[in-house]
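For reference, the structure discussed in these notes is given below.
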Protein chains: 2
Amino acid sequence: MSGQNFSKKRQMILDTIKSTDIHPSAKWVYETLKEQVPDLSLGTVYRNINLFKEQGLIIPVANVDGEERIDGDTSAHAHFVCKECGCVYDVPATHAPISEETCTLDGFCTHNTVLTYYGICGACTTI
Amino acid sequence: MSGQNFSKKRQMILDTIKSTDIHPSAKWVYETLKEQVPDLSLGTVYRNINLFKEQGLIIPVANVDGEERIDGDTSAHAHFVCKECGCVYDVPATHAPISEETCTLDGFCTHNTVLTYYGICGACTTI
DNA sequence: CTTAAAACAGTAATCATTACTGATTTGTTC
DNA sequence: GAACAAATCAGTAATGATTACTGTTTTAAG
């Protein structure tokens with residue numbers, strides 16, 4: 001009755017990604033899960049993240065300070081990246097008018113769209 | 001009357017970036033200029049690209065296969081990235097409704113906006 | 001329980017980018 | 001146009017994220 005299920009570690013990696021909204025890096029996922037799963041390997045986290053990306057279970061949303069940040073929420077929405085603290089915030093999809101018309105533009109076949117705002121977040125402005 | 005001018009190599013690096021629409025990587029700039037300037041160093045290209053980014057003369061537009069791609073055209077427009085060949089194309093700004101309203105959203109101060117479409121380009125579809 | 005395939009840990013390798021150091025160029029002042 | 005200080009550079013070493021590799025462990029099914 002299994003057969004199509006994920007291995008225990010694979011499932012935990014996906015759960016960890018899906019259960020946070022900080023748009024984590026691979027290293028964050030590794031360090032966070034490492035507490036529960038001491039024999040976790042960083043390579044395993046990378047391998048599974050790549051797998052999830054291929055399967056469309058997660059999406060890469062930004063590259064912050066050389067690290068790729070991913071999102072377990074694959075619904076249409078935009079992101080705000082703070083240049084100061086590196087935090088990645090969700091921005092409601094209403095602010096991101098993704099036009100499906102562009103799919104036929106110049107023969108391009110658009111698979112997904114990424115809209116990202118870069119600037120300074122409220123927390124960093126206040127300080 | 002000089003004083004604020006760029007060094008010869010710095011100017012050539014900027015000219016090279018500004019004169020192409022392929023949205024080059026640092027390595028492309030290096031290899032392209034290397035033909036004219038045999039004693040050019042890759043470190044110099046990176047250092048000047050970072051300088052130009054700080055000065056707003058160029059903007060980073062995408063990260064393709066681990067390489068940052070830059071654009072010497074700083075006017076508002078979007079980009080299409082082909083997942084197959086890695087080419088980066090300009091998409092007219094009319095397709096990218098960048099809302100300045102988001103600047104005050106949740107205390108965020110937006111400096112710049114990046115809208116990128118990912119998919120397969122016409123050339124790669126045809127083949 | 002066996003067994004083959006998939007997944008994994010641990011480590012080494014790769015590759016883009018950055019840092020460092022001593023030499024060269026630039027702009028300025030005479 | 002020589003001299004000098006600051007900026008820039010070449011070349012190389014270092015860093016750090018990501019990927020590849022190998023031998024071991026887990027998984028799912030018979």
Side-chain angles (χ1 to χ4, degrees), chain A residues 1-17 22-55 57-71 81 83 86 88, chain B residues 1-17 22-55 57-71 81 83 86 88:
Chain A
M1 214 234 235
S2 32
Q4 296 300 334
N5 278 348
F6 284 173
S7 75
K8 189 180 297 185
K9 283 180 183 173
R10 178 166 298 169
Q11 187 63 55
M12 290 183 82
I13 292 169
L14 184 59
D15 288 346
T16 300
I17 297 169
I22 70 162
H23 310 84
S25 64
K27 199 171 67 178
W28 183 92
V29 174
Y30 169 70
E31 289 173 352
T32 301
L33 253 185
K34 186 82 175 176
E35 296 173 12
Q36 299 175 52
V37 188
D39 70 336
L40 182 66
S41 172
L42 183 56
T44 297
V45 174
Y46 274 108
R47 182 161 18 84
N48 282 294
I49 283 178
N50 285 337
L51 201 68
F52 298 151
K53 284 198 288 188
E54 283 171 19
Q55 297 176 330
L57 296 174
I58 66 176
I59 49 176
V61 292
N63 191 297
V64 181
D65 296 329
E67 287 186 339
E68 181 172 85
R69 305 285 286 266
I70 55 179
D71 194 343
V81 176
K83 293 176 181 177
V88 179
Chain B
M1 215 230 236
S2 34
Q4 297 300 333
N5 278 349
F6 284 173
S7 73
K8 190 181 297 185
K9 284 181 182 172
R10 178 166 298 169
Q11 187 63 55
M12 290 182 83
I13 292 169
L14 184 58
D15 289 346
T16 301
I17 297 169
I22 69 163
H23 309 84
S25 65
K27 200 172 68 178
W28 184 92
V29 174
Y30 169 70
E31 288 171 353
T32 301
L33 253 185
K34 186 83 176 177
E35 296 173 12
Q36 300 175 49
V37 188
D39 69 338
L40 182 66
S41 172
L42 183 55
T44 296
V45 174
Y46 273 108
R47 182 163 17 85
N48 282 293
I49 283 178
N50 285 338
L51 201 69
F52 299 151
K53 283 198 287 189
E54 284 172 18
Q55 298 176 330
L57 297 173
I58 66 176
I59 49 176
V61 292
N63 191 298
V64 181
D65 296 330
E67 288 186 338
E68 182 172 86
R69 304 284 288 267
I70 55 179
D71 194 344
V81 175
K83 293 175 181 177
V88 179

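Proteins come first, then strands; the chains are lettered A, B, ... in the order of their sequence lines, and each starts at number 1.
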Exercise for review: Could you go through the side chain to side chain contact (heavy atoms under 4.5 Å, CB included) check for B:I58 and B:L14 one step at a time?
Suggested key: CA-CA 9 Å; B:I58 66 176; B:L14 184 58; 4.1 Å; yes
Can you find a side chain N or O atom of [X] that sits less than 4.0 Å from OP1 or OP2 on [N]?
| X | N | value |
| --- | --- | --- |
| B:R10 | D:dC9 | yes |
| A:K9 | C:dA9 | yes |
| B:S7 | D:dC9 | yes |

Gap between atoms [atom1] and [atom2], on [X] and [N] respectively (whole Å):
| X | N | atom1 | atom2 | answer |
| --- | --- | --- | --- | --- |
| A:Y30 | C:dT11 | OH | C1' | 12 Å |
| B:L51 | C:dA19 | CG | C1' | 16 Å |
| B:F6 | D:dC9 | CZ | C1' | 16 Å |
| B:R47 | C:dT24 | CZ | C1' | 12 Å |
| B:N48 | C:dT17 | CG | P | 15 Å |

Practice item. Could you tell me whether the side chain of B:I17 reaches within less than 4.5 Å of the side chain of B:I49, counting heavy atoms only? Key: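 Yes, their side chains come closer than 4.5 Å.
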Practice item. Could you check which residues of residues 31-41 of chain B get a heavy atom under 4.0 Å from DNA chain D? Sort them by number, please. Key: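 B:D39, B:L40, B:S41, in order of number.
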Exercise for review: For B:Y30, enumerate each residue passing the ring-ring contact (aromatic ring centres under 6.0 Å, His included) test, keeping only those at least two apart in sequence or located in another chain.
Suggested key: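 With neighbours one apart ignored, the set is empty.
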Exercise for review: Mind checking ring-ring contact (aromatic ring centres under 6.0 Å, His included) for B:Y46 and listing every partner two or more places apart, or none if nothing turns up?
Suggested key: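 Partners of B:Y46 under the ring-ring contact (aromatic ring centres under 6.0 Å, His included) test: none.
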**Study point:** Criterion side chain to side chain contact (heavy atoms under 4.5 Å, CB included) on A:V64 and A:H23, from CA distance to verdict
**Key:** CA-CA 11 Å; A:V64 181; A:H23 310 84; over 6 Å; no
**Study point:** Contacts of A:L33 that satisfy side-chain contact (heavy atoms from CB on, under 4.5 Å) - sequence neighbours left out
**Key:**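 Counting only residues at least two positions away or on another chain, A:L33 forms a side-chain contact (heavy atoms from CB on, under 4.5 Å) with A:M12, A:I13, A:T16, A:Q36, A:V37, A:L40.
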Exercise for review: Please name the pair of heavy atoms, one in B:A62 and one in B:V81, separated by the smallest distance, quoted to 0.1 Å.
Suggested key: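 Distance-wise, the nearest heavy atoms are CB-CG2, 4.0 Å.
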Practice item. Might you point out which heavy atoms bring A:Q55 and A:F6 nearest each other, and give the distance in Å? Key: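 For A:Q55 and A:F6, the tightest heavy-atom pair comes out as OE1-CZ, 3.9 Å.
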**Study point:** With sequence neighbours excluded, residues passing side chain to side chain donor-acceptor pair (under 3.5 Å) with A:N50
**Key:**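 By the side chain to side chain donor-acceptor pair (under 3.5 Å) rule, A:N50 matches no residue at all.
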Exercise for review: Tell me, please, which residues at least two apart from A:N63 pass side chain to side chain donor-acceptor pair (under 3.5 Å).
Suggested key: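 Listed in chain order: nothing, the list is empty.
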Practice item. State which residues pass salt bridge (Lys or Arg N to Asp or Glu O under 4.0 Å) with B:E31; sequence neighbours excluded, sorted by chain then number. Key: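 Salt bridge (Lys or Arg N to Asp or Glu O under 4.0 Å) check on B:E31 returns nothing, list empty.
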Check your understanding: Can you name the salt bridge (Lys or Arg N to Asp or Glu O under 4.0 Å) partners of A:K8, sequence neighbours left out?
Key ->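 In terms of salt bridge (Lys or Arg N to Asp or Glu O under 4.0 Å), with neighbours along the sequence ignored, A:K8 is linked to no residue.
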Kindly give the atom pairs (protein nitrogen or oxygen, nucleotide nitrogen or oxygen) under 3.5 Å for nucleotides 15-19 of chain D.
from, atom 1, to, atom 2, distance (Å)
D:dA17, O3', A:G66, O, 3.4
D:dT18, OP1, A:E68, N, 3.1
D:dT18, OP2, A:Y46, OH, 2.4
D:dT18, O5', A:Y46, OH, 3.4
D:dT19, OP2, A:N50, ND2, 3.1

Practice item. With sequence neighbours excluded, give me every salt bridge (charged side-chain N to carboxylate O under 4.0 Å, His left out) pair touching residues 37-53 of chain B. Key: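 Pairs touching residues 37-53 of chain B that pass the test: B:K9-B:D39, B:K53-B:E68.
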Check your understanding: How large an angle, rounded to 10°, do the end axes of the helix from C:dC1-D:dG30 to C:dC30-D:dG1 enclose when each is built from five base pairs?
Key ->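 Both end axes considered, the difference amounts to 30°.
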Between N or O atoms, less than 3.5 Å apart, protein on one side and nucleotides 4-6 of chain D on the other: list the pairs.
none

